[in-house]
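Note that the coordinates shown come from a computational prediction; the quantities given were computed from them, not determined experimentally. By convention here, the first residue in the shown sequence is residue 1.
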Amino acid sequence: MSRLPDWIARLDVFLALSDSRPFEWGANDCALFACSAIDAMTGRDPGEHFRARYKTARGAKERLRQFCGKASLERTAEMICEEEGFEEVAPAFAQRGDLVAIDQPPFDAALGVVDLNGRECVFAGPHGATRLPLAGARRAWRIA
């Protein structure tokens with residue numbers, strides 16, 4: 001899977017629409033937000049294993065457990081990235097559109113993407129997209 005030629009414009013539209021789209025389990029939670037961003041950039045949805053298959057935090061944990069053997073966002077990200085050929089990189093080397101994992105307030109654990117400004121990460125938040133400094137990312141994967 002690789003980025004489409006117009007991935008910047010596509011990610012820009014996705015992020016603009018996300019600014020007002022609140023967090024919703026099974027539709028726009030942290031994992032599906034990241035998968036939707038990847039879909040916007042590549043035209044392929046890595047969230048097909050999860051989309052519309054749960055509606056609660058408990059349901060999300062169960063779906064993660066079914067997918068990777070434990071209720072772990074990071075393990076799920078590892079498996080999806082391995083399946084799609086996305087290489088893990090040091091967070092300091094993450095670039096615009098790359099997948100990131102974070103575990104700092106207001107999130108216990110979340111997946112998002114590096115913003116187009118290259119300095120922030122964007123996540124699904126309670127009232128729309130939430131931006132945090134890229135320096136707070138724990139892990140990152142290059143979306144080819």
Side-chain angles (χ1 to χ4, degrees), residues 1-4 6-91 94-118 120-144:
M1 177 184 322
S2 60
R3 295 184 194 203
L4 297 168
D6 61 343
W7 73 268
I8 293 172
R10 294 167 61 96
L11 182 59
D12 188 41
V13 168
F14 170 79
L15 293 174
L17 293 172
S18 297
D19 282 337
S20 61
R21 187 172 181 208
F23 184 99
E24 180 184 354
W25 290 110
N28 190 46
D29 53 48
C30 58
L32 290 174
F33 174 89
C35 289
S36 294
I38 293 168
D39 185 23
M41 292 183 287
T42 66
R44 184 158 171 219
D45 181 12
E48 62 189 328
H49 307 287
F50 307 100
R51 205 168 296 285
R53 297 194 183 187
Y54 56 89
K55 293 181 184 254
T56 64
R58 185 176 178 180
K61 287 179 182 180
E62 181 56 33
R63 189 70 193 134
L64 292 175
R65 197 173 287 111
Q66 290 170 359
F67 181 74
C68 69
K70 59 183 179 176
S72 168
L73 277 175
E74 280 193 45
R75 181 64 189 130
T76 299
E78 289 170 356
M79 289 179 65
I80 289 173
C81 289
E82 184 177 301
E83 182 179 298
E84 299 297 338
F86 300 150
E87 175 186 9
E88 186 166 4
V89 297
Q95 300 173 1
R96 300 179 305 161
D98 285 347
L99 178 66
V100 291
I102 199 164
D103 61 358
Q104 69 181 35
F107 304 105
D108 291 330
L111 297 176
V113 295
V114 178
D115 197 356
L116 287 170
N117 66 25
E120 297 174 306
C121 304
V122 188
F123 304 89
H127 306 291
T130 298
R131 287 169 172 77
L132 297 170
L134 174 58
R138 284 187 355 90
R139 296 181 73 183
W141 293 266
R142 176 77 22 87
I143 306 304

Closest approach of Gly125 to Thr130 (non-hydrogen atoms, all atoms of both residues) = CA-OG1, 3.3 Å
query = Is Asp39 paired with Arg10 through a side-chain N to carboxylate O contact shorter than 4.0 Å?
reply = no
query = If you look at every heavy atom in Phe23 and Cys30, which pair is closest and at what distance?
reply = CE1-N, 3.6 Å
message = Can you give me the closest heavy-atom contact between Ala140 and Val100, atom names plus distance?
response = CB-CG1, 4.0 Å
ask   = Can you tell me how far CZ of Arg96 sits from CG of Leu11, rounded to the nearest 0.5 angstrom?
value = 9.0 Å
message = Measuring only between side-chain heavy atoms, which start at C-beta, is Ile80 closer than 4.5 Å to Phe50?
response = yes
task = Return yes when atom CZ of Arg58 has more than 12 non-hydrogen atoms of other residues, nucleotides or ligands closer than 6.0 Å, and no otherwise.
result = no
query = Just wondering, do Ile102 and Phe123 contact through their side chains at under 4.5 Å, heavy atoms?
reply = yes
query = Is the CD atom of Glu62 crowded by more than 12 outside heavy atoms at less than 6.0 Å?
reply = yes
query = Asp29 side chain to Ala124 main-chain N or O, any donor-acceptor pair under 3.5 Å?
reply = no
ask   = Does a side-chain heavy-atom distance below 4.5 Å link Val122 with Phe33?
value = yes
query = From Cys81 SG over to Arg142 CZ, what is the distance, rounded to the nearest 0.5 angstrom?
reply = 12.0 Å
ask   = How far apart are the closest heavy atoms of Thr76 and Cys68, and which atoms are they?
value = OG1-SG, 3.5 Å
ask   = Asp45: what forms a side chain to side chain donor-acceptor pair (under 3.5 Å) with it, not counting sequence neighbours?
value = Arg51
inquiry  = With rounding to the nearest 0.5 angstrom, report the CG to CH2 distance, Leu116 to Trp7.
reply    = 6.0 Å
request  = Measure across Pro133 and Cys121 and return the closest heavy-atom pair with its distance rounded to 0.1 Å.
outcome  = O-SG, 4.3 Å
query = Is any side-chain heavy atom of Leu64 less than 4.5 Å from a side-chain heavy atom of Tyr54?
reply = no
query = Is the closest side-chain heavy-atom distance between Trp141 and Val89 below 4.5 Å?
reply = no
key: Separation between CZ of Arg139 and CD of Glu74, rounded to the nearest 0.5 Å   = 5.0 Å
request  = For atom CD of Glu88, decide whether the heavy atoms of other residues, nucleotides or ligands shown that lie under 6.0 angstrom number more than 12.
outcome  = yes
Heavy-atom pair of closest approach, residues Leu134 and Gly118 = CD2-O, 3.6 Å
From CZ (Arg53) to CD (Glu48), nearest 0.5 Å = 8.0 Å
request  = State whether Asp98 and Arg3 are salt-bridged, where the test is any N-O pair (Lys NZ or Arg NE/NH1/NH2 against Asp/Glu carboxylate O) under 4.0 Å.
outcome  = yes
inquiry  = Side chains of His49 and Glu83, heavy atoms from C-beta outward: is any pair under 4.5 Å?
reply    = yes
query = Any side-chain heavy-atom pair from Leu4 and Arg44 closer than 4.5 angstrom?
reply = no
key: Counterpart residues, salt bridge (Lys or Arg N to Asp or Glu O under 4.0 Å), relative to Asp12 (two or more places apart)   = none
query = With side chains defined as the heavy atoms from C-beta onward, is the minimum distance between Leu15 and Arg131 less than 4.5 Å?
reply = yes
task = Measure the spacing between NZ of Lys61 and OG of Ser72 and express it to the nearest 0.5 Å.
result = 11.5 Å
